[in-house]
K.L.:
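First the structure, which I've put down as structure tokens, then a few questions once you've had a look.
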Amino acid sequence: MKNVRVRFAPSPTGPLHIGGVRTALYNYLFARKNNGTMILRIEDTDQARFVEGAEKYIVESLAWCGIEFDESVTVGGPHAPYRQSERKELYKQYSDQLIASGNAYYAFDTPEELEQKRKEAEAEKKIFTYNAESRKYLCNSLTMSKQDVDKYLNEDVPHVVRFLIPEKTEVLMYDIIRGKVVVQTESLDDKVLFKSDGMPTYHLANIVDDHLMEISHVIRGEEWLPSLPLHILLYQAFGWEAPEFAHLPLLLKPDGNGKLSKRDGDRLGFPVFPIDWIDPVSGEKYTGYRESGYYPDAFVNMLALLGWNPGTEQEIFSMDELIQVFSLDRVGKSGSKFDPEKTKWFNHQYLIKQSNEAVANDFNVILKEKSIEIKTEKMVKIVSLVKERVPFVKDLWNETYFFFEAPQSYDEQVVKKRWNENSAQQMTDLATKLSAIEAFETVTIDQTLKEWIEQNQFGMGAIMNALRLLLVGAAKGPHLGDIMEIIGKEETIDRINSGINKL
RNA sequence: CGCCCGUUCGUCUAGUUGGUUAGGACGCAAGGUUUUCAUCCUUGAAAUCAGGGGUUCGAAUCCCCUACGGGUGACCA
């Protein structure tokens, strides 16, 4: 295979959503797997849709995911610049070349005129297309005399350049994921290649840049499949060798139908974006995976398995492992409904894999906000006891608050079930027994408890549950001996006594 | 409406050369472990392979039709 060079080419019209991140990821995996080059190109040819901060957002998001670029707007490269607006001067010659070769023509129809045509067509329940038939009656260099065309051009009459779709031929295409695709040129329209504002359209800029940047494989979303024939035709018109294409199936809404969109996140309560995004115009905020407490590795792992699978039963993959096993021919053909539940499961798996120290460190940030200071050693111990119970670090508080503060209330259900007329006396006796322990450690505490319960012929469950109620406030939490050792003798006794008073 | 793409448990999917009790995972349910909760372990329910026709000894796998879903139809990408 020739040198693999792939690009991720978003346009900075807003935040990148997870579908876009997945496209970038598959490009990256493919590049790394084949010792190729990964390129980031910003397609900002539409000045009207430019959104402030979007490019920065894209770069930051992908960096968070661990998707690195060999050539990009930030690191540069042999084909710089990588921002199409900065390559503006380049495109005109190619558009001219197509006109000279008879593959394109000037069109002077105004947007208003075309809009009018569309409305008229719509009234007759038809769709207006600028094609082999209609171009004969429209205002362009095919219908006008050469003198008129030159005159218009000299007078700078606003105009566009349109691609001349060949008549009555078949375009034969090959897609790595879908195989052979055939389209008749009659179903195509004469797309604008060069706009009246002096900018190329996506189609022209994209083909020119992919060619100049020596892109070997175009891996992009399925929404581009309908424009593949045009792109193939453009390569042919230029006499260039086309890259290979792979059109990825789309990410769909978890419920109902349609492709995943910006709004679905808030509607269904899960992030649709990799990192937080605040709309610069409306000020509206969209939450990201990063800020929701997801590990980037978990997020990437989940995304990789959405539409691709290794063919084995392995589900947990590091980025390096993904690079090892990734292949485009194991990408599915059909769209995938996004599953927020499974995404959480992935994060849980990754949290379990983290070291206790790392989790303790993250959790410490939350504790600091609550003004809780605690020794690292103790923190690590606590984390080791509860780490496997939660999918997110932020959920840790719910499972550990009783290590840091006495219960504020007692779960009524549990009180009803576990607290009876004997409990107060039993707990009082137990408190004195516990206070007599010299080395207040799990082992000794457990032993003392066990002996005392056996001596008095109390039920293990009854005593332990009542004690847990006083120490934790609810029927949950790790081994009681561990809890007591960590909060210490004094605190244990205090909680027992104040609990007895309150209940 | 035109063109293009797709269709295996609720969801993500295995099944790539036709012969499997159609496998796994998430979620769900039950049981076990646990002094509690969670974890964990075991088990279970869950796809007549969209439907209908072929081809074949045999089809989820090949062919055709239909239905449904999706994408696209801008001087947006």
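Values below: all heavy atoms of this structure, side chains included; hydrogens, waters and symmetry mates excluded. Below, chains carry the letters A, B, ... as their sequence lines are ordered, and counting in each starts from 1.
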K.L.:
Under 4.0 Å, counting only non-hydrogen atoms across every strand here, what does V181(A) touch: a base, just sugar-phosphate, or nothing?
P.N.:
sugar-phosphate
K.L.:
So if I take every side-chain heavy atom of R330(A) and compare against C75(B), G24(B), U16(B), which nucleotide ends up nearest?
P.N.:
U16(B)
K.L.:
Suppose you measure atom P in U42(B) against the same atom in C12(B); what distance do you get, rounded to whole Å?
P.N.:
26 Å
K.L.:
Can you tell me the base-pairing partner of C1(B)? Count Watson-Crick or G-U wobble geometry only, both distances below 3.5 Å, and say none if there is no partner.
P.N.:
G73(B)
K.L.:
Given the P atoms of A60(B) and U43(B), what is the spacing between them in whole Å?
P.N.:
28 Å
K.L.:
Sticking with atom C1', work out how far A22(B) lies from U16(B), rounded to a whole angstrom.
P.N.:
16 Å
K.L.:
Which part of the nucleic acid, if any, lies within contact of P229(A), taking any heavy atom under 4.0 Å across all strands shown: a base, the sugar-phosphate backbone alone, or nothing?
P.N.:
nothing
K.L.:
Sticking with atom P, work out how far A50(B) lies from G15(B), rounded to a whole angstrom.
P.N.:
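Rounded to whole Å, the distance is 16 Å.
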K.L.:
Checking all strands, does L480(A) fall into the base, sugar-phosphate, or nothing category for heavy-atom contacts under 4.0 angstrom?
P.N.:
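Base: the residue L480(A), judged by heavy atoms under 4.0 Å, touches a nucleobase.
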K.L.:
Picking from Y350(A), F346(A), Y289(A), what satisfies side-chain contact (heavy atoms from CB on, under 4.5 Å) with F299(A)?
P.N.:
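That would be Y289(A); it is the only one of Y350(A), F346(A), Y289(A) passing the side-chain contact (heavy atoms from CB on, under 4.5 Å) with F299(A).
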K.L.:
Looking across every strand, which nucleic acid part, if any, lies under 4.0 Å from G221(A) by heavy atom: base, sugar-phosphate, or nothing?
P.N.:
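The answer is nothing, as G221(A) stays clear of every strand by at least 4.0 Å.
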K.L.:
Quantified in whole Å, what is the P atom distance between nucleotide U66(B) and nucleotide C1(B)?
P.N.:
14 Å
K.L.:
Select one nucleotide: of U11(B), U72(B), U36(B), the one nearest the side-chain heavy atoms of N465(A).
P.N.:
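Minimum distance to the N465(A) side chain belongs to U36(B).
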K.L.:
Just compare C26(B), G24(B), U72(B) and give me whichever is closest to any side-chain atom of E223(A).
P.N.:
U72(B)
K.L.:
What verdict does the ring-ring contact (aromatic ring centres under 6.0 Å, His included) test give for F338(A) and F270(A), after you've listed the backbone C-alpha separation in whole Å, the side-chain angles of each residue and the deciding distance to 0.1 Å?
P.N.:
CA-CA 10 Å; F338(A) 180 72; F270(A) 66 89; 5.0 Å; yes
K.L.:
With heavy atoms under 4.0 Å as the rule, sort D109(A) into base, sugar-phosphate or nothing.
P.N.:
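Result for D109(A) = base.
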K.L.:
Expressed as a whole number of Å, how far does the C1' atom of G52(B) sit from that of U7(B)?
P.N.:
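One C1' to the other, the span is 15 Å.
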K.L.:
Report yes or no: is there a donor-acceptor pair, N or O only, under 3.5 Å between the side chain of S196(A) and the base of C75(B)?
P.N.:
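Flag set: donor-acceptor pair detected.
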K.L.:
Any base atoms under 4.0 Å from G461(A), or only sugar-phosphate, or nothing? Heavy atoms, all strands.
P.N.:
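G461(A): backbone/sugar contact only, no base atoms under 4.0 Å.
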K.L.:
Is the terminal nitrogen or CZ of R22(A) (NZ for Lys, CZ for Arg) located under 6.0 angstrom from the six-membered ring centre of Y26(A) and within 45° of that ring's axis?
P.N.:
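That pair qualifies as a cation-pi contact.
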K.L.:
Is there a side-chain contact between V182(A) and K180(A) in this structure, where contact means two heavy atoms from C-beta onward sitting under 4.5 Å apart?
P.N.:
yes
K.L.:
Need the pair for U16(B). Rule: Watson-Crick or G-U wobble, both distances under 3.5 Å, any strand; none if unpaired.
P.N.:
none
K.L.:
Any donor-acceptor pair under 3.5 Å linking the side chain of N140(A) with the backbone of T143(A)?
P.N.:
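Flag set: sc N140(A) to bb T143(A) pair under 3.5 Å.
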K.L.:
Side chain of E388(A) only, please: which of A77(B), U39(B), C5(B) is the nearest?
P.N.:
U39(B)
K.L.:
If you only use heavy atoms from C-beta on, which nucleotide in U13(B), U11(B), G71(B) is closest to the side chain of D339(A)?
P.N.:
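Comparing U13(B), U11(B), G71(B) against the side chain of D339(A), the answer is U11(B).
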K.L.:
In terms of side-chain heavy atoms of V183(A), which of U36(B), A77(B), C4(B) is nearest?
P.N.:
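Shortest atom-to-atom distance from the side chain points to C4(B).
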K.L.:
Are R162(A) and A74(B) close enough that a side-chain N or O sits under 4.0 Å from OP1 or OP2?
P.N.:
no
K.L.:
Between C1(B), G71(B), C12(B), which nucleotide gets closest to the side-chain atoms of I127(A)?
P.N.:
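Of C1(B), G71(B), C12(B), C1(B) is nearest to the side chain of I127(A).
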K.L.:
Please determine, for A50(B), whether a Watson-Crick or G-U wobble partner exists with both distances under 3.5 Å, and give it or none.
P.N.:
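Matched A50(B) with U66(B) under the 3.5 Å cut-off.
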K.L.:
When all nucleic acid strands are considered with a 4.0 Å heavy-atom cut-off, which category describes R468(A): base, sugar-phosphate, or nothing?
P.N.:
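It contacts base atoms.
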K.L.:
How many Å lie between CG on N301(A) and P on C12(B), as a whole number?
P.N.:
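These atoms are roughly 17 Å apart.
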K.L.:
Per the atom types in the model, does the base of C76(B) pair as donor or acceptor with the side chain of R49(A) at under 3.5 Å?
P.N.:
yes
K.L.:
What's the CG-C1' distance between L385(A) and U39(B), to the nearest Å?
P.N.:
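Atom-to-atom, L385(A) to U39(B), this comes out as 12 Å.
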K.L.:
How close or far is atom C1' of G73(B) from atom NZ of K117(A), stated in whole angstroms?
P.N.:
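Between C1' of G73(B) and NZ of K117(A): 19 Å.
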K.L.:
Using OP1 and OP2 only, check whether a side-chain N or O of N309(A) sits under 4.0 Å from A14(B).
P.N.:
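The answer is yes; a side-chain N or O of N309(A) sits under 4.0 Å from OP1 or OP2.
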K.L.:
Identify which one of E86(A), R49(A), Q84(A) satisfies the side-chain contact (heavy atoms from CB on, under 4.5 Å) criterion when paired with D44(A).
P.N.:
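Of the listed options, the one satisfying the test is Q84(A).
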K.L.:
Can you tell me which nucleotide in C4(B), G71(B), C75(B) comes closest to the side chain of L250(A)?
P.N.:
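Of all the options, the side chain of L250(A) is nearest to G71(B).
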K.L.:
Is the distance from OP1 or OP2 of C76(B) to the nearest side-chain N or O of T13(A) less than 4.0 Å?
P.N.:
no
K.L.:
Distance check: side-chain N/O of R418(A) vs OP1/OP2 of U36(B), anything under 4.0 Å?
P.N.:
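Result: no.
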K.L.:
Remember a base hit wins even if backbone is also touched, and classify V160(A) as base, sugar-phosphate or nothing at under 4.0 Å, heavy atoms.
P.N.:
base
K.L.:
Using the C1' atom as the point on both nucleotides, what is the distance between C40(B) and A46(B), in whole Å?
P.N.:
24 Å
K.L.:
For T110(A), report the nucleic acid contact type (base, sugar-phosphate, nothing); a contact means any heavy atom under 4.0 Å.
P.N.:
base
K.L.:
Could you work out which one of C75(B), U11(B), G27(B) sits closest to the side chain of K337(A)?
P.N.:
U11(B)
K.L.:
Pick from F403(A), F404(A), F402(A), F392(A): which one makes a ring-ring contact (aromatic ring centres under 6.0 Å, His included) with W397(A)?
P.N.:
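Only one of F403(A), F404(A), F402(A), F392(A) forms a ring-ring contact (aromatic ring centres under 6.0 Å, His included) with W397(A), namely F404(A).
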K.L.:
Nearest-Å distance, CD (E186(A)) to C1' (C3(B))?
P.N.:
12 Å
K.L.:
Applying the Watson-Crick and G-U wobble criteria at under 3.5 Å, what pairs with U34(B)? Answer none if nothing qualifies.
P.N.:
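The answer is none; no pair meets the criterion.
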K.L.:
Going by the angle between their ring planes, with limits at 30° and 60°, are F273(A) and Y57(A) parallel, tilted or perpendicular?
P.N.:
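If you compare the ring of F273(A) with that of Y57(A), the planes turn out perpendicular.
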K.L.:
Just N and O in the side chain of K195(A): are any of them under 4.0 Å from OP1 or OP2 of C76(B)?
P.N.:
yes
K.L.:
Using a 4.0 Å heavy-atom cut-off across all strands, classify G307(A) as base, sugar-phosphate, or nothing.
P.N.:
sugar-phosphate
K.L.:
Let's test this: given Watson-Crick or G-U wobble pairing with both distances under 3.5 Å, identify the partner of C26(B).
P.N.:
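WC or wobble partner is G10(B).
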K.L.:
Ring-plane angle category for H231(A) and Y202(A), please: parallel below 30°, perpendicular beyond 60°, tilted otherwise.
P.N.:
tilted
K.L.:
Can you measure W345(A) atom CH2 to U11(B) atom P for me and round it to whole angstrom units?
P.N.:
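Going from CH2 in W345(A) over to P in U11(B) covers 19 Å.
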K.L.:
For G73(B) and A14(B), measure between their P atoms and round to the nearest Å.
P.N.:
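Pairwise P distance, G73(B) against A14(B), rounds to 29 Å.
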K.L.:
Classify the nucleic acid contact of H247(A) as base, sugar-phosphate or nothing, counting any heavy atom under 4.0 Å across all strands shown.
P.N.:
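Since no nucleic acid heavy atom lies under 4.0 Å of H247(A), the category is nothing.
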K.L.:
Would you say U72(B) has OP1 or OP2 under 4.0 Å from some side-chain N or O of K259(A)?
P.N.:
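Yes.
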K.L.:
Does K333(A) reach a base, just sugar-phosphate, or nothing at all? Heavy atoms under 4.0 Å.
P.N.:
sugar-phosphate
K.L.:
Answer yes or no: is there a side-chain heavy-atom contact under 4.5 Å between L250(A) and E223(A)?
P.N.:
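Contact flag for L250(A)/E223(A) side chains = yes.
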K.L.:
Check whether any side-chain nitrogen or oxygen of S334(A) sits under 4.0 Å from OP1 or OP2 of G69(B), and answer yes or no.
P.N.:
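No, because none of the side-chain N or O atoms of S334(A) sits under 4.0 Å from OP1 or OP2 of G69(B).
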